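In what follows, chains carry the letters A, B, and so on, assigned in the order in which the sequence lines appear, proteins first and then strands, with residues in each chain numbered from 1. Small disclaimer: the values here were computed from a predicted structure and weren't measured.
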Number of protein chains: 2
Amino acid sequence: MPSSCFAERLGDFVPLSTGERSALLRLEERERTLRRGATLVRENDPAGELFILRSGMMMSYVILPDGSRQILRFIFPGDVIALPALVFSRVPETVGALADSVVCPFDRPLMTQLALEQPRLFAVIVAFDQAERAMLTDRIAALGRTSAKARVASVLLDVRNRLRRLDPTIDNSFILGLTQEEIGDATGLTAVHVNRMLRQLEDEALIRRDSGRVTLLDEGRLGRSANYTDRLAGLDLSWLPPAA
Amino acid sequence: MPSSCFAERLGDFVPLSTGERSALLRLEERERTLRRGATLVRENDPAGELFILRSGMMMSYVILPDGSRQILRFIFPGDVIALPALVFSRVPETVGALADSVVCPFDRPLMTQLALEQPRLFAVIVAFDQAERAMLTDRIAALGRTSAKARVASVLLDVRNRLRRLDPTIDNSFILGLTQEEIGDATGLTAVHVNRMLRQLEDEALIRRDSGRVTLLDEGRLGRSANYTDRLAGLDLSWLPPAA
DNA sequence: CGCACATTTGAGATACGTCAATCGATGTGG
DNA sequence: CCACATCGATTGACGTATCTCAAATGTGCG
């Protein structure tokens, strides 16, 4: 059976039946390639397709009236893209590629069908969405009540943890893949100030940097100062009935 | 048939069958009363029950290590409380009462059962949750990229719109029901600065205030300066199959 | 080899926070 | 019914985290 990156990810958390796996495969029949910088869907576009990210790294963001950008989430392989498009007539967020990426587009009705015919599977998708919701609230707390340094640290930890989930090989050292301006747009800061915060983290021996590669030198202290929680690690799917 | 405030709310968006209404009623068989200031669930409590707010006004929030508080969302009658508890073993947010309130507690398995036996209904609940997700991302954008004045204005608009959905009588004048400290904890500001922003909004003839009552004097200008979107108004549930 | 873009650093401006005091409303015990 | 405590709103003076503007220094890519 061909592999579904979505099924692989869900399978890390709950066992999936053959029927469920093949239902998931139907979501990944097509492919589209995006170069870094490309836009997949634009805010206010009529909602048409949903996507699953197969490889690369993407982000969703909004542009405010004054032209500034707020990045809402980083998107990694196995994530569902534009789930909100399921319930809005116009998509509420722009989605763009942070690195060369491959997505699998599928039509909204396919997800509806899955909701009605594979309720267990749909419940798993909802569970992941809740984990993501928790990440959004963490970000709200970070933006509202933590320092610039903490917010930058939290982005570093977040990206590292998401990358490690895809490649358990990754330890404390990884390629960030974000410009300082992108970090700033995610944390509500200026690129200039992000730079100063990175330098400070480096001066305090919390991280090391060379040419795009970041090494976390004291993860414990970093995590505490950033008030960081890995939400995917806290998921509890034991309430799901066994696979059909 | 007795009324379910949850069914009433969903019924504003999609027609519900008799069977669906009675399934929803099972979620509201019990009641618990809370006084203003009372805590319903506390962050890190083991996840047990979910709730539907029947009357009053509540909030969810987190307390950061330095003792500061970030309010994540305001909760109004008909809202599901602690949905994240469905998928986490420990609840990620504290929920407390902003006004004397009545909630209907129900056990997690009841929601699971609903997910599996009433997929259409569950899809509606997911849709509402997506609307709420959009409100969270709006708040992220507000915290990250808008001025203190805009954030305060956006809270005013948000509360007014939510209240109006419950009582269409409400026009531009309403009882806010929040202290300035609570507004600050929602917007990432200090109570002192919230006060100054309210005064500025008043000086600019955007709002009027007397003793807890707020009147929006220029909703258009207020909405633009706050970059506010009513997410519930943008919901599109036409993709749902007809009621069983 | 040169151009676009990201990073880095400095100097000065500002939005928002902190601290502190006053005032009014509400409630409570004596 | 009053004295007093409490809590929220208000305002002023001052401190500081972060932004803005500007220029220099890399750095990958055609």
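- More than 12 heavy atoms of other residues, nucleotides or ligands lie within 6.0 Å of CD in B:Glu43, so this atom counts as buried by the packing criterion.
- For C:dT8, one of the phosphate oxygens OP1 or OP2 lies less than 4.0 angstrom from a side-chain nitrogen or oxygen of A:Arg209.
- A:Arg54 places no side-chain N or O within 3.5 Å of a backbone atom of A:Ser101 that could act as its donor or acceptor partner.
- Of the residues in residues 183-208 of chain B, those lying under 4.0 Å from DNA chain C by heavy-atom distance are B:Gly188, B:Leu189, B:Thr190, B:Val192, B:His193, B:Arg196.
- Here the rule is side-chain contact (heavy atoms from CB on, under 4.5 Å) with B:Thr187, and of B:Leu189, B:Asp185, B:Thr190 only B:Leu189 fits it.
- Counting heavy atoms from C-beta on, the side chains of A:Arg160 and A:Asn172 come closer than 4.5 Å.
- Side-chain atoms of A:Gln130 do not come within 3.5 Å of backbone N or O of B:Leu86 as any donor-acceptor pair.
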Scan nucleotides 22-29 of chain C against the protein and return all N/O pairs shorter than 3.5 Å with their distances rounded to 0.1 Å.
none

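- Side chain of A:Asp100 to backbone of A:Arg35: no donor-acceptor contact under 3.5 angstrom is found.
- One interatomic measurement links the two molecules: CD of A:Glu182 to P of C:dC5, which rounds to 13 Å at whole-angstrom precision.
- Under the ring-ring contact (aromatic ring centres under 6.0 Å, His included) criterion, B:Tyr61 pairs with no residue at all, not counting sequence neighbours.
- With hydrogens and angles disregarded, no donor-acceptor distance shorter than 3.5 Å links the side chain of B:Arg208 to the backbone of B:Thr215.
- In this structure, the side chain of B:Asp79 engages the main chain of B:Phe76 through a donor-acceptor pair within 3.5 Å.
- Remark: the backbone N or O of A:Arg42 is paired with a side-chain donor or acceptor of A:Asp45 at under 3.5 angstrom.
- Across the protein-nucleic acid pair, A:Asp210 atom CG and D:dG26 atom C1' stand 15 Å apart, rounded to whole Å.
- Here CZ of A:Arg196 is found 11.0 Å from CD of A:Gln180. Values are rounded to the nearest 0.5 Å.
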Indicate every side-chain donor-acceptor pair of residues 198-207 of chain A with a distance under 3.5 Å to a residue at least two apart or in another chain.
from     : atom 1 : to       : atom 2 : distance (Å)
A:Glu202 : OE1    : A:Arg209 : NE     : 3.3
A:Glu202 : OE1    : A:Arg209 : NH2    : 2.9
A:Glu202 : OE2    : A:Arg209 : N      : 3.4
A:Glu204 : OE1    : A:Lys149 : NZ     : 3.4
A:Glu204 : OE2    : A:Lys149 : NZ     : 2.7

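- Across the helix from C:dC1-D:dG30 to C:dG30-D:dC1, the helix axis at one end is tilted relative to the axis at the other end by 40° (nearest 10 degrees, each axis from five pairs).
- For the pairing with B:Val214, the side-chain contact (heavy atoms from CB on, under 4.5 Å) check across B:Ile175, B:Val159, B:Leu178, B:Leu176 returns one residue only, B:Leu176.
- The stretch residues 58-75 of chain B has no heavy atom under 4.0 Å from DNA chain C, so no residue of it qualifies as close.
- Among the heavy atoms of the strands lying under 4.0 Å from A:Ser147 are primed sugar atoms or P, OP1, OP2 only; no base atom is included.
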